[in-house]
Protein chains: 2
Amino acid sequence: MLPRTSPSARNAGAKFPVLRKAVPVFAALGDETRLRLIALLCAGGALSITQLTIGTDITRQAVTKHLQVLADAGLVRDVRQGRERLWEFEPSRLDEARRSLDTITEQWDQALLRLKASLEA
Amino acid sequence: MLPRTSPSARNAGAKFPVLRKAVPVFAALGDETRLRLIALLCAGGALSITQLTIGTDITRQAVTKHLQVLADAGLVRDVRQGRERLWEFEPSRLDEARRSLDTITEQWDQALLRLKASLEA
DNA sequence: CCTTCATGCAACCATTTGATTGCGTTTTTT
DNA sequence: AAAAAACGCAATCAAATGGTTGCATGAAGG
């Protein structure tokens with residue numbers, strides 16, 4: 001394996017810095033519990049940990065950890081208010097993620113166009 | 001914890017079946033190696049496992065496993081050709097994922113509008 | 001035929017992840 | 001001041017994940 005001739009690996013790797021940045025966001029969204037949290041915060045404004053725990057079958061600490069993952073990905077933000085800690089949705093990173101998907105789709109469409117052109121030539 | 005009164009948990013859970021379907025797709029995209037594979041297949045057409053391994057610092061078997069994850073998420077498809085197994089990008093699930101992000105953003109925008117309306121009232 | 005190239009399969013390993021329990025701290029509330 | 005509510009921290013644990021090595025298989029090519 002690993003032949004020294006590299007047929008079609010064209011400088012791949014440092015090719016998509018934008019995509020790279022979206023990795024933690026996708027990872028954070030790739031969990032049912034976390035997607036549910038996002039959906040809740042997105043529709044219901046700022047909610048506390050206790051409120052977000054209600055209706056789930058996991059503990060408050062588990063919810064806390066998921067919120068931390070979402071916060072690390074920049075998808076939510078916490079606001080301390082008295083003895084409560086309210087969490088709210090932060091849409092900017094999600095927009096970036098969607099633009100990443102757009103980029104991939106564009107690459108794909110352009111590849112299809114090139115293929116089509118080469119067939120017609 | 002877990003007070004029996006459920007303040008703002010409004011029937012959450014079975015509320016977003018569409019989002020639920022996107023979970024494995026996001027999970028598959030939430031890895032740098034796999035995003036790189038997607039980008040390669042997206043730009044370069046069908047490639048073999050050996051070709052996809054070139055330029056990486058991981059083994060062929062590791063690449064195989066990542067391809068399997070992508071295939072389970074419906075993001076890639078394999079086509080056997082002689083002794084080679086070519087992998088190609090499959091755009092439909094990615095489109096679904098983008099629509100999921102759109103749904104979340106729409107929910108958010110509507111929530112903002114409701115908030116604005118309630119403030120003006 | 002025999003070699004080579006591309007892949008498949010299985011065992012194995014370290015780390016990460018999702019979740020728990022127990023206890024301590026900080027605000028409210030009475 | 002004392003009780004309760006909301007939360008933080010740390011230890012712990014099982015399962016999933018990402019990766020490896022070793023060997024078997026299957027198709028091309030000389």
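Source: prediction; values computed, not measured. Below, read A as the first sequence line, B as the second, and so on, with proteins coming before strands; counting in each chain starts at 1.
Listed pair B:T50 / C:dT7 meets the phosphate criterion, a side-chain N or O lying under 4.0 Å from OP1 or OP2. A sub-4.0 Å separation between OP1 or OP2 of D:dA6 and a side-chain N or O of A:S48 is absent. At the phosphate of D:dG19, neither OP1 nor OP2 sits under 4.0 Å from any side-chain N or O atom of B:T59.
In this entry the distance linking CD of A:Q68 with P of D:dA10 reads 13 Å, nearest Å. Rounding to whole angstrom units, CD1 of residue B:I54 and P of C:dT7 are separated by 10 Å.
For B:R93, the salt bridge (charged side-chain N to carboxylate O under 4.0 Å, His left out) criterion is met by no residue, not counting sequence neighbours. By the salt bridge (charged side-chain N to carboxylate O under 4.0 Å, His left out) test, A:E106 pairs with no residue at all, sequence neighbours left out. Taking A:R99 as the reference, nothing meets the salt bridge (charged side-chain N to carboxylate O under 4.0 Å, His left out) condition, with sequence neighbours excluded. For B:R114, there are no salt bridge (charged side-chain N to carboxylate O under 4.0 Å, His left out) partners two or more places apart in sequence or in a different chain. Here B:F26 pairs with nothing under the ring pair (Phe, Tyr, Trp, His ring centres under 6.0 Å) rule; sequence neighbours left out. For A:S92, the side chain to side chain donor-acceptor pair (under 3.5 Å) partners are A:E90, not counting sequence neighbours.
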Interface polar pairs with nucleotides 22-24 of chain D, N/O, under 3.5 angstrom:
from, atom 1, to, atom 2, distance (Å)
D:dG22, O6, B:Q61, NE2, 3.2

Nucleotides 14-18 of chain D: which of its N/O atoms have a protein N/O under 3.5 Å away?
from, atom 1, to, atom 2, distance (Å)
D:dG18, OP1, B:R34, NH2, 3.4
D:dG18, OP2, B:R34, NH1, 3.4

Could you pull out every donor-acceptor pair under 3.5 Å between side chains of residues 64-75 of chain A and any protein atom, sequence neighbours left out?
from, atom 1, to, atom 2, distance (Å)
A:T64, OG1, A:R60, O, 3.0
A:H66, ND1, A:R34, NH1, 3.1
A:Q68, NE2, A:D72, OD1, 3.2

For residues 79-87 of chain A, which side-chain donor-acceptor pairs fall under 3.5 Å, sequence neighbours excluded?
from, atom 1, to, atom 2, distance (Å)
A:R85, NE, A:D78, OD2, 3.0

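The backbone N or O of B:S48 lies less than 3.5 Å from a partner atom in the side chain of B:Q51, making a donor-acceptor pair.
For the ring-ring contact (aromatic ring centres under 6.0 Å, His included) condition, no pair includes a residue of residues 40-64 of chain A, sequence neighbours left out.
The shortest heavy-atom contact between B:L52 and B:T56 is O-CG2, 3.7 Å.
DNA chain C lies under 4.0 Å from at least one heavy atom of each of the following residues of residues 72-89 of chain A: A:G82, A:R83.
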